Amino acid sequence: MHNPIITSLLDTDAYKINMQQAVFHHYPDVQVTADFYCRSDEDLSYLCEQVVEHINYLATLRFQPDELDYLNALGLYHTDFLTFLSRFQFDPDQVAVGVEDGQLAIHISGPWQEVILWEVPLLAIICELRNRACYPHHTVNDALSRLDDKLAHLPKDGFAEGFQLVDFGTRRRFSREVHHAVVTRLHTVYPPLQGTSNVWLAKQLGLTPVGTQAHEWFQAHQQLAGQLSDSQQLALHVWLQEYPETLGIALTDCINMDAFLHDFDRSLCHAFSGLRHDSGDPITWGEKALAHYQEHGIDPKDKTLVFSDSLTLAKAVQIYQHFADKATTSFGIGTQLTCDLPNVKTLNVVIKLTSCQGKPVAKISDEPNKAICKDDNHLSALKAAFKLPD
């Protein structure tokens with residue numbers, strides 16, 4: 001096709017491949033559904049036909065031998081999983097694209113080990129198609145000028161010695177070209193850049209591909225555990241079975257931070273290398289994490305707190321300065337790095353799991369407007385299981 005947006009299956013986020021291996025080994029027969037949500041007040045229905053074209057193009061892609069060699073060299077993936085990836089191809093029949101209530105609607109269904117890879121490329125495609133339509137005259141130089149300006153205004157007092165930045169910008173980037181240019185510039189001029197969530201960029205630039213698990217890992221376990229109240233602990237323990245000594249950052253807000261910490265007992269505190277924040281006030285969240293570690297006799301400086309909720313560079317610096325003497329921190333910045341161009345309105349779009357094994361799942365989080373559930377009864381049961389107000 002003319003001007004495809006995704007040209008490599010590695011052009012995705014590392015946590016997707018990491019979760020995919022865990023699903024491949026532990027839940028190969030589990031079926032799920034996922035839905036697209038546009039949180040922005042913007043009609044995207046005009047993109048419908050173009051999205052279908054790009055979905056069909058995705059189905060022509062395969063993991064290439066050099067890409068599989070790269071994944072193998074990371075030391076995270078087993079031979080059976082790499083063999084699975086060598087045969088993997090997207091199935092367009094798993095994706096239904098249309099218009100519902102005047103808005104772009106996308107529904108994905110199929111085996112979890114296959115559905116899991118649709119989210120990131122689909123969101124990147126939607127965002128880039130929309131930006132091509134709305135901002136056709138914006139250039140890579142516009143993005144790099146904004147980036148250079150932001151870097152010029154950061155503190156010069158040596159704070160960068162402990163400041164760790166990771167690119168999390170694949171899903172809502174302005175374009176593939178802008179994303180690649182921004183990360184390349186950061187890699188060249190900004191030592192705090194520790195890695196990128198994008199596996200293709202990590203391969204090209206010699207960066208570390210960063211990511212562990214997303215909300216869907218915890219959501220699915222709501223229907224894989226015997227009791228709802230056991231779902232978070234099951235998700236955490238199965239993750240440790242797959243990655244006992246690596247990928248030890250745990251996402252805390254599928255339910256909320258308090259519910260997570262209730263389940264995050266002493267053994268889990270020791271087993272996981274840190275926690276990731278993705279909703280709610282970051283300072284409040286971080287202080288709760290510090291107190292929890294200290295309560296279990298653990299020095300927070302031995303753990304890593306990863307912040308990844310709607311960050312800008314300036315906001316990340318402020319959070320870093322608050323916790324600099326208290327814990328090791330890392331900052332995953334997405335949209336505000338890879339879709340920051342003059343007069344461009346960023347698009348807030350997500351694809352979230354909505355069912356597992358034909359039964360509903362939910363994400364509640366520490367931010368009310370991030371909650372997602374299509375079944376009020378399941379949401380009430382989930383809140384009751386974790387002692388949250390209904």
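Since the model is a prediction, treat every value here as computed from it, not as a measurement.
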With D69 via side chain to side chain contact (heavy atoms under 4.5 Å, CB included) - residues at least two apart:
none
Please list, chain by chain and in numerical order, all residues satisfying side chain to side chain contact (heavy atoms under 4.5 Å, CB included) with E177, sequence neighbours excluded.
V140, S175
Taking ring-ring contact (aromatic ring centres under 6.0 Å, His included) as the cut-off, I'd like each qualifying pair that reaches into [range], sequence neighbours left out, listed once.
| range | answer |
| --- | --- |
| residues 192-211 | H180-W200 |
| residues 35-70 | none |
| residues 280-316 | H277-W285, H277-F307, W285-F307, H292-H296, F307-F323, F307-F331 |
| residues 206-235 | Y27-H221, W112-W217, W217-H221, W217-W239 |

side-chain hydrogen bond (donor to acceptor under 3.5 Å, both in side chains) between T304 and T328, intermediate numbers included:
CA-CA 5 Å; T304 299; T328 300; 5.0 Å; no
[X] and [Y] ion-paired at < 4.0 Å:
| X | Y | result |
| --- | --- | --- |
| K288 | D366 | no |
| E119 | R171 | yes |
| R185 | D148 | yes |

Does [X] have any side-chain hydrogen bond (donor to acceptor under 3.5 Å, both in side chains) partners at least two apart in sequence or in another chain, and if so, which?
| X | answer |
| --- | --- |
| D278 | S308 |
| S197 | D13 |
| D375 | none |
| E287 | H322, K326 |

I would like to know whether T329 and I319 meet side-chain contact (heavy atoms from CB on, under 4.5 Å); could you show each step before the answer?
CA-CA 9 Å; T329 54; I319 298 170; 5.7 Å; no
Using modelled atom types only, decide if a donor and an acceptor are shared between the side chain of [X] and the backbone of [Y] within a distance under 3.5 Å.
| X | Y | value |
| --- | --- | --- |
| Q20 | Q113 | yes |
| Q204 | A202 | no |
| S45 | L104 | no |
| H187 | L207 | no |
| Q223 | S355 | no |
| Q213 | L251 | yes |
| K303 | C269 | yes |
| Q21 | L82 | no |
| D142 | T139 | yes |
| S40 | N348 | yes |

In terms of ring plane angle, is the pair F272 and F264 parallel, tilted or perpendicular, where the classes change at 30° and 60°?
tilted
Any idea how F84 and F88 line up, ring-wise: parallel (<30°), tilted (30 to 60°), or perpendicular (>60°)?
tilted
Apply the test side-chain hydrogen bond (donor to acceptor under 3.5 Å, both in side chains) to residues Q194 and S330: give CA-CA distance (whole Å), side-chain angles for both, the deciding distance (0.1 Å), then the verdict.
CA-CA 9 Å; Q194 301 295 304; S330 179; over 6 Å; no
Applying the 4.5 Å side-chain criterion to the ILVMFWY set and letting contacts propagate, would [X] and [Y] be lumped into a single cluster?
| X | Y | value |
| --- | --- | --- |
| V350 | I125 | no |
| M257 | I249 | no |
| I116 | I17 | yes |
| L201 | F168 | no |
| F386 | L236 | no |

With a 4.5 Å limit on heavy-atom distance, are the side chains of [X] and [Y] in contact?
| X | Y | answer |
| --- | --- | --- |
| I364 | N256 | no |
| E216 | K352 | no |
| D340 | L147 | no |
| L275 | F260 | yes |
| S8 | K203 | no |
| V199 | K16 | no |

Those residues at least two apart in sequence (or on a different chain) that pass salt bridge (Lys or Arg N to Asp or Glu O under 4.0 Å) with R172 are none
Which residue pairs pass the side-chain hydrogen bond (donor to acceptor under 3.5 Å, both in side chains) test with at least one member in residues 92-101, sequence neighbours excluded?
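Only Q94-E114, Q94-W118, E100-H107 qualify under side-chain hydrogen bond (donor to acceptor under 3.5 Å, both in side chains).
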Evaluate the criterion side-chain contact (heavy atoms from CB on, under 4.5 Å) for residue pair L341 and N131; output intermediate values, then yes/no.
CA-CA 11 Å; L341 289 83; N131 292 330; over 6 Å; no
Side chain to side chain donor-acceptor pair (under 3.5 Å) with H179: of T338, D167, T196, only one passes, and it is D167
Does the pair V51 and I126 meet the rule for a side-chain contact (heavy atoms from CB on, under 4.5 Å), with working shown?
CA-CA 7 Å; V51 170; I126 290 164; 4.1 Å; yes
What do the steps show when you test L353 against K363 for side-chain contact (heavy atoms from CB on, under 4.5 Å), and what is the final call?
CA-CA 9 Å; L353 217 63; K363 172 195 170 190; over 6 Å; no
If you compare all heavy atoms of I6 against all heavy atoms of R173, which two are closest, and at what distance to 0.1 Å?
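Closest approach of I6 to R173: CD1-NH2, 3.6 Å.
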Which pair of heavy atoms, one from H378 and one from V361, lies closest together, and at what distance?
NE2-CA, 3.6 Å
Please check if the number of heavy atoms outside H262 that lie under 6.0 Å from its NE2 is greater than 12.
no
Are more than 12 heavy atoms from other residues, nucleotides or ligands located less than 6.0 Å from atom CG of D149?
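Enclosed.
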If you apply the rule side-chain hydrogen bond (donor to acceptor under 3.5 Å, both in side chains), what do you find for D80 with H25, and how did you get there?
CA-CA 9 Å; D80 60 346; H25 284 142; 3.0 Å; yes
